Amino acid sequence: MKTIYKKPDVFLSENMHYCPGCTHGVAHRLVAEAIAELGAEERAIGVASVGCSVFAANYLDCDFTEAAHGRAPAVATGVKRVHPNALVFTYQGDGDLASIGVAEIIHAAARGENITVIFINNAIYGMTGGQMAPTTLVGQTTTTSPGGRNPAGAGYPIRMSEIIATLDGAAYVERAGLYDVPSIARAKKAVKKAFETQVHKKGFAMVELLSTCPTNWGKTPVDAMTWLKDYMIPQFPLGVFKEV
Amino acid sequence: MKTIYKKPDVFLSENMHYCPGCTHGVAHRLVAEAIAELGAEERAIGVASVGCSVFAANYLDCDFTEAAHGRAPAVATGVKRVHPNALVFTYQGDGDLASIGVAEIIHAAARGENITVIFINNAIYGMTGGQMAPTTLVGQTTTTSPGGRNPAGAGYPIRMSEIIATLDGAAYVERAGLYDVPSIARAKKAVKKAFETQVHKKGFAMVELLSTCPTNWGKTPVDAMTWLKDYMIPQFPLGVFKEV
Amino acid sequence: MSYVEILTDVCKGCGLCVSVCPAGIMVLSPDAINARGYAPVTITAMENCIGCASCARVCPDAVLSVYKEVLT
Amino acid sequence: MSYVEILTDVCKGCGLCVSVCPAGIMVLSPDAINARGYAPVTITAMENCIGCASCARVCPDAVLSVYKEVLT
Amino acid sequence: MTQRIICSGFGGQGVMLMGQLLAYAGMMEGKFVSWLPSYGPEMRGGTANCSVIISDEPVGAPTVTEADVAFVMNKPSMEKFEDTVVSGGHLFVNSSLIDETASRQDIDIHQLAATEIGIQAGTARTANIVMLGAYLEKCGAVSEASVMAGLKKAFGEKKAGLLPMNQTAIDLGRQNVK
Amino acid sequence: MTQRIICSGFGGQGVMLMGQLLAYAGMMEGKFVSWLPSYGPEMRGGTANCSVIISDEPVGAPTVTEADVAFVMNKPSMEKFEDTVVSGGHLFVNSSLIDETASRQDIDIHQLAATEIGIQAGTARTANIVMLGAYLEKCGAVSEASVMAGLKKAFGEKKAGLLPMNQTAIDLGRQNVK
Amino acid sequence: MTRELIKGNEAIAEAAVRAGCRYFFGYPITPQNEIPEYMSKRLPEVGGTYLQAESELAAINMVYGAAGAGARVMTSSSSPGISLKQEGISYIASAKLPCVIVNIVRSGPGLGGILPAQSDYFQATKGGGHGDYRVVVFAPSSVQEAADLVMECFEVADQYRVPVMLMGDGMIGQMMEPVEFKEPKKRGLHEKSWATTGRQGGERNVISSLHIVAEECYDFCLEREAVYREIAEKETRCETELMDDAEIAVVAYGTVARIAKNAVLKARAAGIKTGLIRPITLWPFPSDIINDYAKQVNSFLTVEMSTGQMVEDVRLAVNGQKPVHFFGRTGGIIPTPEEVFNELMKMAEGEKHENNL
Amino acid sequence: MTRELIKGNEAIAEAAVRAGCRYFFGYPITPQNEIPEYMSKRLPEVGGTYLQAESELAAINMVYGAAGAGARVMTSSSSPGISLKQEGISYIASAKLPCVIVNIVRSGPGLGGILPAQSDYFQATKGGGHGDYRVVVFAPSSVQEAADLVMECFEVADQYRVPVMLMGDGMIGQMMEPVEFKEPKKRGLHEKSWATTGRQGGERNVISSLHIVAEECYDFCLEREAVYREIAEKETRCETELMDDAEIAVVAYGTVARIAKNAVLKARAAGIKTGLIRPITLWPFPSDIINDYAKQVNSFLTVEMSTGQMVEDVRLAVNGQKPVHFFGRTGGIIPTPEEVFNELMKMAEGEKHENNL
Ligand SMILES: Cc1ncc(C[n+]2csc(CCOP(=O)(O)OP(=O)(O)O)c2C)c(N)n1
Ligand SMILES: Cc1ncc(C[n+]2csc(CCOP(=O)(O)OP(=O)(O)O)c2C)c(N)n1
Ligand code: SF4
Ligand code: SF4
Ligand code: SF4
Ligand code: SF4
Ligand code: SF4
Ligand code: SF4
Ligand SMILES: [Mg+2]
Ligand SMILES: [Mg+2]
């Protein structure tokens with residue numbers, strides 16, 4: 001029997017609290033695969049953020065620090081400076097990274113902090129019940145944009161990868177999507193590359209993963225993937241924005 | 001007698017605390033001239049920030065609110081939402097806007113907040129005595145980068161205009177310099193345009209003014225202007241980054 | 001021949017695997033309910049599985065492992 | 001003829017105006033000290049002033065106003 | 001008179017609505033009422049419950065630590081709340097999902113196959129209303145009319161069409177508990 | 001013995017250094033000392049001052065609200081500090097910048113044209129050291145050697161060449177105050 | 001009289017709108033999300049502005065700007081978010097701006113949990129921010145009272161130019177009770193002539209928290225201190241029940257007071273003379289009332305959902321006259337009436353009473 | 001013995017380095033800038049890391065990360081910056097991480113001024129952040145003591161896994177006094193086996209402040225409460241002078257204690273039996289000592305550079321036994337020994353004494 005696919009041991013997926021079909025799980029798996037493939041289980045230190053992924057430490061079997069909302073890049077900086085040879089990564093949602101924590105991510109990137117950031121952009125605040133995120137699309141209905149996001153007043157979605165790519169300290173920035181099997185395969189490559197960037201001490205690496213939130217989007221998991229592809233990608237084009 | 005140049009009444013320049021030759025004074029004057037030329041003295045509301053310009057309210061004879069360090073764009077948002085027809089502007093240093101306040105400026109721009117931001121980039125924390133700013137050049141000596149800013153550890157300078165220009169809510173973004181008479185004339189145009197952008201309700205406008213800090217750079221005012229031109233502009237190229 | 005292992009009690013019945021299976025052999029149990037209250041996925045005709053692992057790669061909960069018999 | 005008005009007590013003697021005056025007629029007082037302890041600028045030969053207002057436009061402290069006699 | 005009620009079950013079983021209907025009905029009848037949801041971490045995918053108090057006096061503690069009436073719609077809820085019912089109180093058990101029988105001897109235990117009965121009424125999703133019917137029959141502190149008024153308000157005009165089915169659910173609940 | 005000293009003047013006049021030299025000298029002589037700068041908003045372009053205490057006992061309050069010795073290097077300082085000198089205390093006045101004479105009758109007033117004397121020594125910037133010379137002559141709680149040791153430390157090896165000029169400044173201060 | 005069955009969070013939001021609040025700046029956090037959600041729908045209906053800020057920091061500074069511009073403005077959050085607002089609150093107090101801050105407290109410290117707690121009492125009442133200032137803190141114990149008090153909050157804020165906090169635990173936010181929205185009791189306050197509106201032909205206004213000259217900063221603090229004393233005199237609120245002949249006084253606020261009341265009734269039924277003192281303002285604290293009762297009762301029992309915070313203020317008020325005991329649950333655990341009753345029994349029986357946590 | 005004449009801020013920084021601190025994350029603010037400036041030069045010399053964070057928020061969260069990773073780590077700031085750190089401090093307390101936070105207090109609230117003040121006492125001692133937690137607070141009154149105590153701060157932090165604050169006013173930071181850097185008194189503590197270092201073949205570690213299950217959060221709070229009680233028992237520090245026969249006790253901390261001491265000496269010279277109680281730890285507060293002296297003295301005078309904050313703790317400690325008076329200056333005004341002496345004279349003469357601000 002040849003194994004075609006088996007989850008890596010470092011992924012503890014049995015008791016995940018995520019809603020059915022939520023691609024947070026897929027993203028976790030890609031992180032776990034990258035760590036396993038780099039053989040870095042023993043030196044990986046994750047920094048979880050506040051959002052639906054707040055329990056990430058329960059699902060990835062490596063050292064973890066749970067950061068305050070938005071501050072994961074600062075926490076990771078503290079960790080990485082103390083253990084420069086550890087594989088330090090943050091896992092953050094779009095509310096966490098692009099709203100309350102935008103200063104921390106920009107400065108970690110500007111410093112060229114040698115860490116890896118996994119950025120889950122699902123265009124919504126999942127954990128708190130579907131409020132508008134900075135990445136919410138124009139017209140998208142959320143619990144705090146009941147009539148759909150109206151740019152007059154609520155502004156426009158922020159493209160974080162494009163911003164981070166302007167910074168000299170950023171070594172690798174890519175945006176990928178989790179909406180079908182091929183896109184997940186490409187996302188996996190991006191995640192691995194972002195970890196390799198750190199291993200090679202090239203500086204700050206971030207992968208933005210467009211992700212679904214079936215629950216708060218009010219869609220089935222399958223429809224959510226279609227919506228992601230049809231509506232999110234035009235606003236958040238996929239691709240490599242920086243590579244040194 | 002024809003008046004070739006006379007400062008506008010709205011500029012109260014008699015008791016400014018700025019060091020000799022500091023171009024904060026020039027920037028103040030340009031703001032005053034723009035307000036006067038738009039005849040907006042009666043509806044202008046300035047939002048001062050924390051930095052050497054903390055006393056700006058003493059020098060510009062219009063309504064003023066003094067914001068906490070870094071939060072001027074949030075304060076201005078509050079003011080502008082209450083008085084949409086007022087001419088609301090912030091005046092912020094590079095420590096204020098690009099370090100502690102980077103989240104607030106990015107989100108004000110993303111929201112397309114209809115305000116004008118005057119951003120004084122002097123590559124240093126002036127008020128607190130010359131510590132490293134996010135805009136400090138690589139190799140530049142400051143009181144907290146005593147051996148010169150070393151990117152390994154302290155990272156790279158941030159180009160704010162380039163970042164803000166990526167945002168859909170930003171209507172006008174220009175970087176100008178205050179280093180000789182022609183550059184000041186161009187800066188004046190930029191400042192005026194940034195106010196006009198607001199008057200025409202086009203959205204968020206920011207002018208980044210490269211400015212000198214003779215005191216903390218340890219240079220004469222005249223030498224400081226030369227240094228600005230020779231060293232800052234290569235890192236912070238002048239130009240219009242966004243105009244809608 | 002290929003074989004898909006299912007951790008039935010971990011499955012949340014989201015249907016993502018069903019939607020991507022090129023062989024069309026996956027289906028959410030119409031009657032069974034697992035320990036967590038979900039209708040888990042089952043495979044109707046394992047012999048038609050081509051071992052592409054699409055299902056496993058899309059599953060958010062790592063419910064699925066895919067093996068292929070290798071002729072040595 | 002042009003005329004430059006100087007608010008001597010406001011001047012901080014920074015020398016910026018001196019450095020930009022195309023007529024080279026500005027100089028920081030070698031002896032006088034103003035109320036704030038600075039050596040203020042003075043104009044050596046007002047008659048040579050071309051009224052370009054460069055000095056006023058570079059002065060951070062709005063010390064200078066520039067006027068020109070207009071022949072009507 | 002004060003009736004302290006707990007409604008409990010899986011997230012999707014409509015236990016929050018049950019409680020709100022009871023509280024609303026109480027309010028309509030001029031009583032003092034409170035409705036307090038559990039909103040803890042167990043909610044996502046786990047069990048949910050709410051505490052309702054209907055009283056002639058101003059409501060003191062809105063928490064229900066000793067219940068006069070408890071609805072348990074699934075097994076974990078049964079385990080959690082059976083013991084909170086006071087002696088002489090009522091326990092309404094959704095036997096569709098709970099195979100064990102309650103062990104208490106000092107309380108009135110009402111077993112209803114609420115899911116199946118709900119299907120009879122039109123959809124399994126009316127299982128909660130079936131339970132309310134049983135409650136109205138056995139120990140209702142509020143009237144059926146008030147509960148129906150609450151349902152009418154909850155559905156609004158758009159879903160008013162659902163009212164007859166819910167009326168049936170109540171009726172079936174009443175009948176099945178006798 | 002406790003001597004409470006205030007050094008005051010414009011920002012650039014070296015009043016902070018004066019105070020540090022005194023404190024350092026005191027420390028070298030085994031005394032208890034403290035040096036406390038004003039660091040308020042008035043500092044930029046305004047006046048600066050520092051409080052020094054040299055004592056045989058541990059220093060209590062590091063603030064000097066009643067001074068045994070005050071150096072005033074400019075007019076605003078004179079206005080501010082003349083009255084803080086205790087009866088019998090010493091006031092050293094830089095008459096180069098202060099044309100008024102002090103009005104107090106109960107204290108020793110020492111007027112020195114410190115700027116001009118400093119120029120004699122080599123540069124106007126030694127005016128502060130001139131004042132210290134006068135102090136050493138009149139009411140020094142520390143020795144000249146200790147002050148010179150402090151200067152040596154302050155200058156370091158790079159600027160050691162400045163020491164003779166400062167020695168001259170001290171000498172001239174002593175002479176001019178007699 | 002129309003009564004609505006409504007969640008505490010929604011009642012707070014609706015009452016604020018009725019009190020004239022037209023600006024809301026907030027950031028989501030459980031268990032207060034219904035406030036911003038309600039505001040996002042409701043404020044546009046009345047021509048107001050709902051704005052979801054990028055963070056609690058931004059939110060409180062938007063409040064600063066809007067308050068300085070003369071608006072009735074509110075923000076809401078829960079514990080960690082309130083910590084982030086502390087600098088801003090200190091600035092608001094320092095710039096003498098009126099605003100209303102709602103804290104629907106959850107368990108802490110840190111990320112903690114989302115269940116009800118009262119462990120932000122110290123932060124709220126002793127000034128979580130830096131410097132000499134006070135925040136007026138109202139603590140409702142029912143949804144109706146939450147609605148009533150939020151209206152008062154705006155009046156108090158405007159009258160004294162201070163930040164006012166409405167502090168409820170997660171229960172207050174999440175529970176539904178019937179509410180009647182009353183007409184707000186307007187105090188007939190003056191125009192905000194100090195607000196930044198643009199000079200508009202008149203004198204200019206400057207809103208600032210900078211007090212760089214020591215003498216001016218001192219005078220500012222003295223002026224504010226006088227205002228705080230006036231507030232303490234005029235705005236302190238407290239409710240007592242069954243205290244007339246009480247020998248044991250239970251002190252509790254918010255929802256815990258209701259739990260305590262059940263226990264008090266139970267104890268009365270058991271023949272123990274107890275009563276309830278319920279502070280409604282936590283700052284100013286009803287010290288005088290408690291001090292007075294200290295002459296009457298034999299002992300006090302303070303009940304809190306914390307490890308013991310208000311109990312310090314009770315002790316300060318009692319000033320050694322009588323023993324003050326403490327019973328607390330925290331971390332999201334809600335004390336039960338039975339537990340409190342047991343404490344009362346122990347006290348009545350003169351058992352040596354340890355502080356019980 | 002080598003003594004150096006050195007600024008308080010620099011002494012704090014140097015002593016921290018000698019105590020083994022190798023990581024510093026900070027952000028400039030007056031009057032503590034010499035700490036980061038010194039660290040930026042000094043830490044690289046010993047293989048440590050100085051990092052200027054983008055804000056105080058980022059700084060305290062870097063501290064969180066580094067502390068969780070097992071490092072001896074410090075941050076410093078002044079009042080407004082400390083307010084911004086409150087969420088982070090609460091998280092650090094909640095995740096049981098040791099670290100040292102220096103607050104060189106300036107006048108507030110708001111932007112306030114940069115002159116010395118003690119008006120952050122409440123914030124420091126009552127928990128400026130949310131939730132049930134405590135921060136150990138040391139208050140040096142001389143540069144030498146600042147250097148000595150900062151070394152202790154690290155040991156206390158590590159021993160109990162708590163954040164520890166060194167709180168000085170602007171004077172402590174800015175003044176120069178002779179300092180002898182002593183060998184740090186190491187407590188022989190265990191390895192930080194709980195730190196995130198990567199699994200490294202062993203068990204994994206998780207640093208977290210999430211206590212989502214009420215029972216677990218409650219247990220966590222109880223465990224910490226026990227630790228706080230242990231700290232109160234073992235780490236409370238206080239110095240008394242001339243208290244043996246004192247009839248009036250002056251209570252003051254930090255530099256104000258030195259000013260008060262001058263006044264006490266002056267009063268003694270005038271025949272008034274006064275003495276000084278100087279709390280060195282502000283939390284835990286030396287309540288027992290003060291309570292004991294309450295039996296001896298006739299009255300207390302609390303002197304602070306605030307509108308009256310520590311005075312509450314003094315009153316709590318005295319518990320009504322004797323009158324507690326207050327004398328304060330604030331906003332950057334430093335009380336003079338003469339003013340304090342005058343208060344003592346008034347008290348000695350039995351004049352009706354109003355709280356004086
Ligand atoms: C300081 C603070 N503010 C707010 C919150 C509440 N909160 C928890 S998660 C979250 C946002 C979650 O959204 P996102 O980061 O996009 O993650 P997702 O759940 O969508 O994966 C918020 C606002 C908090 N815990 N702390
Ligand atoms: C919260 C907070 N942190 C830090 C400070 C101290 N501070 C005052 S101004 C300033 C930076 C000034 O630099 P910049 O914004 O570049 O203005 P400049 O003085 O150079 O014009 C800092 C850090 C403060 N007042 N508040
Ligand atoms: S709420 Fe959305 S993001 Fe969170 S677990 Fe559910 S589907 Fe995923
Ligand atoms: S310190 Fe620098 S920026 Fe500030 S006033 Fe002086 S020269 Fe200007
Ligand atoms: S391996 Fe491929 S063919 Fe087989 S079940 Fe999975 S998706 Fe279908
Ligand atoms: S994708 Fe996974 S969780 Fe979803 S139905 Fe298939 S096996 Fe179950
Ligand atoms: S106006 Fe022109 S020529 Fe005249 S003084 Fe000024 S710079 Fe010189
Ligand atoms: S530029 Fe202005 S301040 Fe400077 S020397 Fe000339 S007049 Fe004086
Ligand atoms: Mg999200
Ligand atoms: Mg700057």
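Everything numeric in this text was worked out from a predicted model, so none of it was measured. Residue numbering restarts at 1 for every chain, and letters A, B, ... go by the order of the sequence lines.
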Which heavy atom of [X] sits nearest a heavy atom of [Y], and at what distance?
| X | Y | value |
| --- | --- | --- |
| H/C221 | G/G108 | SG-O, 3.9 Å |
| G/I212 | H/I114 | CD1-N, 4.4 Å |
| G/H130 | H/D120 | CB-OD1, 3.3 Å |
| H/P109 | G/S94 | O-OG, 3.0 Å |
| H/G110 | G/S90 | N-OG, 2.8 Å |

Problem set entry | Distance, nearest 0.5 Å, that separates CZ of H/R134 from OG1 of G/T307 |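 H/R134 atom CZ to G/T307 atom OG1 measures 7.0 Å (nearest 0.5 Å).
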For this session: Kindly compute the distance separating OG (G/S83) from NZ (H/K85), expressed to the nearest 0.5 Å.
Result: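 The OG atom of G/S83 sits 14.5 Å away from the NZ atom of H/K85.
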Heavy-atom distance under 4.5 Å to chain G: side chain of [X], backbone, both or neither?
| X | value |
| --- | --- |
| H/Q321 | neither |
| H/I82 | neither |
| H/Y228 | neither |
| H/Q118 | neither |
| H/D313 | side chain |
| H/L57 | side chain |

Exercise. When you measure from the side chain of H/S209 to the backbone N and O of G/L111, does any donor-acceptor pair fall under 3.5 Å?
Worked result: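 A pair under 3.5 Å: yes.
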Exercise. Taking G/N319 for the side chain and H/G320 for the main chain, is one N or O donor matched with an acceptor at less than 3.5 Å?
Worked result: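 Checked: pair present.
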Exercise. So which part of G/F220 gets closer than 4.5 Å to some heavy atom of chain H, the side chain, the backbone, both or neither?
Worked result: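 For G/F220, side-chain heavy atoms alone lie under 4.5 Å from chain H.
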Problem set entry | Residue list, side chain to side chain donor-acceptor pair (under 3.5 Å) with H/E56, at least two apart or on another chain |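 Partners of H/E56 by the side chain to side chain donor-acceptor pair (under 3.5 Å) criterion come out as none, since no residue qualifies.
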For this session: Taking side chain to side chain donor-acceptor pair (under 3.5 Å) as the test, write out the residues that go with H/Y218, two or more places apart.
Result: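 Checked H/Y218 against side chain to side chain donor-acceptor pair (under 3.5 Å); matches are G/R329.
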Selection from [options] maximising heavy-atom pairs under 4.5 Å formed with chain H:
| options | result |
| --- | --- |
| G/G81, G/G128, G/C217 | G/G128 |
| G/A93, G/G112, G/S107, G/G129 | G/G112 |
| G/T125, G/L222, G/I89, G/I92 | G/L222 |
| G/S79, G/S208, G/S78, G/A124 | G/S79 |

Problem set entry | Option among G/Q309, G/Q123, G/E312 that satisfies the side-chain hydrogen bond (donor to acceptor under 3.5 Å, both in side chains) test with H/K126 |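 Looking at G/Q309, G/Q123, G/E312, the match for H/K126 under the side-chain hydrogen bond (donor to acceptor under 3.5 Å, both in side chains) is G/E312.
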Problem set entry | Toward chain H: residues of residues 163-173 of chain G with heavy atoms under 4.5 Å |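 Near chain H, by residue number: none.
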Exercise. Who passes ring pair (Phe, Tyr, Trp, His ring centres under 6.0 Å) against G/Y64, sequence neighbours left out?
Worked result: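 If we apply the ring pair (Phe, Tyr, Trp, His ring centres under 6.0 Å) test to G/Y64, skipping adjacent residues, there are no hits.
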Exercise. When heavy-atom pairs shorter than 4.5 Å are enumerated against chain G, which of H/R106, H/E87, H/Q86, H/E215 gives the highest number?
Worked result: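 Greatest number of close heavy-atom pairs with chain G: H/E87.
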Exercise. Out of H/G127, H/G88, H/G332, H/S306, which one racks up the most heavy-atom pairs below 4.5 Å with chain G?
Worked result: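 Ranked by contacts with chain G, first place is H/S306.
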